Structure formats: structure tokens, C-alpha cells
There are 2 protein chains.
Amino acid sequence: MDAADTTAPARRTAASNGHADLAPDLPSAPEAPLVRVPGLDYGVLDHLLGYALRRAQNALYLDFHRATAKAQVSPQRFAALVLVGRNPGMRQGVLAEAMGLHRSGALRLTDWLTDRGWVERRDDENDARRWGLHLTAQGRRMLTTLERQVQAHDQALIDALGDQAPALRQALERLAEVATRHCL
Amino acid sequence: MDAADTTAPARRTAASNGHADLAPDLPSAPEAPLVRVPGLDYGVLDHLLGYALRRAQNALYLDFHRATAKAQVSPQRFAALVLVGRNPGMRQGVLAEAMGLHRSGALRLTDWLTDRGWVERRDDENDARRWGLHLTAQGRRMLTTLERQVQAHDQALIDALGDQAPALRQALERLAEVATRHCL
DNA sequence: TATTGTTATACTCTATAACTATA
DNA sequence: TATAGTTATAGAGTATAACAATA
């Protein structure tokens, strides 16, 4: 037997990551800017709330990458890191639910974070089927750095919007609610 | 020689579509709903404009599929259909630019639309390298149907937002501008 | 039998790079 | 040589389904 099986007991394969070879992805292809082509007629698109939303989201996505350029972290991975940081011991299944992913997707996401040494899987005391997710010391440092960058980035946008900003967020939350209710 | 080579001359392969076998994709996996998990602490995410935007966009994306359920058309494909409809003779490269895609992406998108019989490639009179994209009769009918569905869907959201709606769209457009400028 | 997580696989979307035809 | 479009390929992200371990 191995000497130290400190955190992740060996009775499970502990996501030893058989698919990617340790340094898997890097986003690298965030999508091109969705610019407005001058002579073009956009028809109904110019009047759709959904299209305005898509434009804004595309722009913010690219801008997010600029803001966190050094770490090569996608918005999704940043969100996962925040969630694990604020909810220590969180299960993978809950992470999946919170992020609108399938369990297998949460696995890949967690693998990516553990490969970086930012997150580790530990035993769940009550149920041997479960892992508890925890930030490592390095992960906590990284989160602190990223949060500072992301928040500065967000604040710059809010400043640029001026007094429109609070109404915008409120309207977005309402919109998400309405569309979700619509959908169910 | 073939009798009729009416529209697309044979001196080019005319995107005869060697990759997919004619009935390629169907979106089918639109992403799960991004619901708020009750007991969870979202930390900074709850204060970020970018995250609110992501939530709203996710909800609208799913709702869009509901609204156009019968046609299995993604927002992107709908947008492409609108653009070709409003700008007959449009080149693929312009479509790519308008939609923030690489040329090869616009090719796949156009292939999908032509496979459905909604769009056709025709010669460009001035430059034999170019195609002009045009709606077919069937494509125009489909566009009319889709536009009606999408607009009704969008109007329902606008109605639900009430007097917040105009401010929301204005703020979204401003946000896209600001973030893009930020990025360049 | 149901749940948690894993593995294997497939499919979509997008990009990169090399290629052909035309300018 | 530059441009428009095509082809081939690769990568990221997601899903499905079958599986093992545990409840």
C-alpha cells in the first residue's frame, strides 16, 4: 500500500483523468467580436431583446478574457472556483446543478480545476459515494487574484453605464425569471 | 454535360458538403437551465453584471428553442436567415463578419441552410470567386413563420418587463459598445 | 432499486492551416 | 500577391449511456 493516502482514498479512482493528458485545453478560441457591419440590413434583429442580449454577452465574454488574460480562465471556470470557495465541501452534483451542466460536465470542470492544483476532492463524512470539493491554498490565492481582476472589470462597465447600471441588473434578473417561467 | 446548370455553375464545387451526410445536426442539446440552487452561496457572482447577463442569456436561449420548437432552429441560424433575407446576394464572408464567425464557420452555417433548401448560392456577377446568397421560396416562407414566432416570443418578454423594457434594450446596446471599446 | 461519480463515446461548434480558383 | 471560398483536421464543450460503488 501507499504510505500516505491523506485526502482522496483509493477505493475510488478519484477522477485520475484518463481522457486529457494533464494540460488539456486553454480556451484560446473565445469567438470573434460580433461587430455591426455598416451597410447591412439587420431587419427584425435590431428590434429583438434577445439579439441585443446576445450582442452584449458576446462583447462581455471577450472583455472578460482580456481582464483575466494572464490566467486563461473562462467565465465558467471562474464561477466554479467562486462556488467551491464559498461553499467548501460542495458535491460535484451540486456544482453541476448550479452551473446548468450534466454530471459528466461537472466532472470535467472539476478535473480541470484539480489539474491546476486549485481544487481538491476530499471524502464526504456521511456518504462514501460523494466527494467534497475544497479549494487548495493555491486555489484560494488564485481566486483572490481573479476576483480582484473580475470585479475591477465589472466596475469599469458599471461606471461607464452610470445611473443606468442598477436598472440594468434588475431588469436582467427579472428577464431571466420571466424567460425561465415561460420555459417551464 | 448536364442539361440545366441554372444557378450554381460547376466550375466550383459549390459546397457540395463532403463532411456531413445531408441531415447533419439538429441542436438537440441546448444546455440545461441555469437555475439558482437554494442553499448555495454565490459570493461575488451575485454582484457581477456579467453573471446576471449570463443568467438572462441562458434563460432566453432555452426559451427561444421553446418558441421555435417545430423548426429546430438555433438563434444563430435564425439570425443568418434574417440577414440573407434582408440582404439578397450577400457574400459568405460578410455573413461571417456579421455573425462573428470564421469563414469556415459561415460555410458550415450556409451549408446547413442550403441542405434545408432555405438558401441557395448563386453567382456573383462581378467576381467569379464570390457567391451571392439568396433565400429560396421555401426559405422565405420559413423565415416568415419563424419571424412571427420569434417576435411573439420577444414581445411576451417585453410585455412582462413592462416599462423596464426600453431602458433595458438601451442599456444592453450601451453595454455592448462599452465592452467592445474596452476590448480594442 | 436509487444515487454519486466515473468511463467511454459521439456530436456540435468553432478555429487553424493548406488548398483551389480567381482577381 | 491578395482574396473568396473550400477542405481537412483538431480542439473545446456538452451530452448520452453503460458502469461501479454505495446507500
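Computed from a prediction, not measured in an experiment: that's the story for all the values here. Chain naming here is simple, since letters A, B, ... match the order of the sequence lines and numbering starts at 1 in each.
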Spacing between [X] atom [atom1] and [N] atom [atom2], to the nearest angstrom:
| X | N | atom1 | atom2 | answer |
| --- | --- | --- | --- | --- |
| B:Q72 | C:dC11 | CD | C1' | 14 Å |
| B:Y61 | C:dC13 | OH | C1' | 10 Å |
| A:E97 | D:dT14 | CD | P | 16 Å |
| B:L133 | D:dG5 | CG | P | 8 Å |
| A:D111 | D:dG13 | CG | C1' | 14 Å |
| A:N58 | C:dC13 | CG | C1' | 14 Å |
| A:L109 | C:dT6 | CG | C1' | 16 Å |
| B:D123 | D:dA4 | CG | P | 16 Å |

Closest nucleotide among [options] to the [X] side chain:
| X | options | result |
| --- | --- | --- |
| A:S104 | D:dT22, C:dA23, C:dT7 | C:dT7 |
| A:R91 | D:dT6, C:dT16, C:dT4 | C:dT4 |
| A:Q92 | C:dT9, C:dT6, D:dT3 | C:dT6 |
| A:H102 | C:dT6, C:dT14, D:dT16 | D:dT16 |
| B:R77 | D:dT14, C:dT4, C:dC13 | C:dC13 |
| B:L107 | D:dA23, D:dT6, C:dA23 | D:dT6 |

Comparing A:N126 and A:L101 on DNA chain D - which has the more 5′ nearest nucleotide: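 Nearer the 5' end of the strand: A:L101.
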Closest-nucleotide ordering on DNA chain D, the 5'-leading residue of A:Q76 and B:R103: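 So the residue in question is B:R103.
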Heavy-atom closest contact (A:A80 atom, A:L113 atom, distance):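 Closest approach of A:A80 to A:L113: CB-CD1, 3.9 Å.
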Atom pair CG (B:L60) and NE2 (B:H65), whose distance is rounded to the nearest 0.5 Å: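 Between B:L60 CG and B:H65 NE2, I get 11.5 Å after rounding to 0.5 Å.
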Any B:R121 side-chain nitrogen or oxygen under 4.0 Å from OP1 or OP2 of D:dT6: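 Yes, such a contact exists.
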side-chain N/O B:W112 vs C:dT12 OP1/OP2, d < 4.0 Å: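 No, B:W112 has no side-chain N/O under 4.0 Å of OP1/OP2 on C:dT12.
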Touch class at under 4.0 angstrom, heavy-atom based, for B:G105 against every strand present: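 Answer is nothing: B:G105 stays at 4.0 Å or more from every strand.
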side-chain contact (heavy atoms from CB on, under 4.5 Å) partners of A:D154, counting only residues at least two apart: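 Testing A:D154 for side-chain contact (heavy atoms from CB on, under 4.5 Å), a comparison that skips the adjacent residues, returns A:I158, B:L48, B:L49.
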Under 3.5 Å: donor-acceptor pair, side chain of A:R54, backbone of A:L34: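 Side chain of A:R54 to backbone of A:L34, a donor-acceptor pair under 3.5 Å: no, none is there.
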Any N/O donor-acceptor pair, A:R130 side-chain to C:dT4 base, under 3.5 Å: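 Absent.
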Connected-component partners of A:V35 among ILVMFWY, side-chain separation under 4.5 Å: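 Hydrophobic cluster check, A:V35: no partners found.
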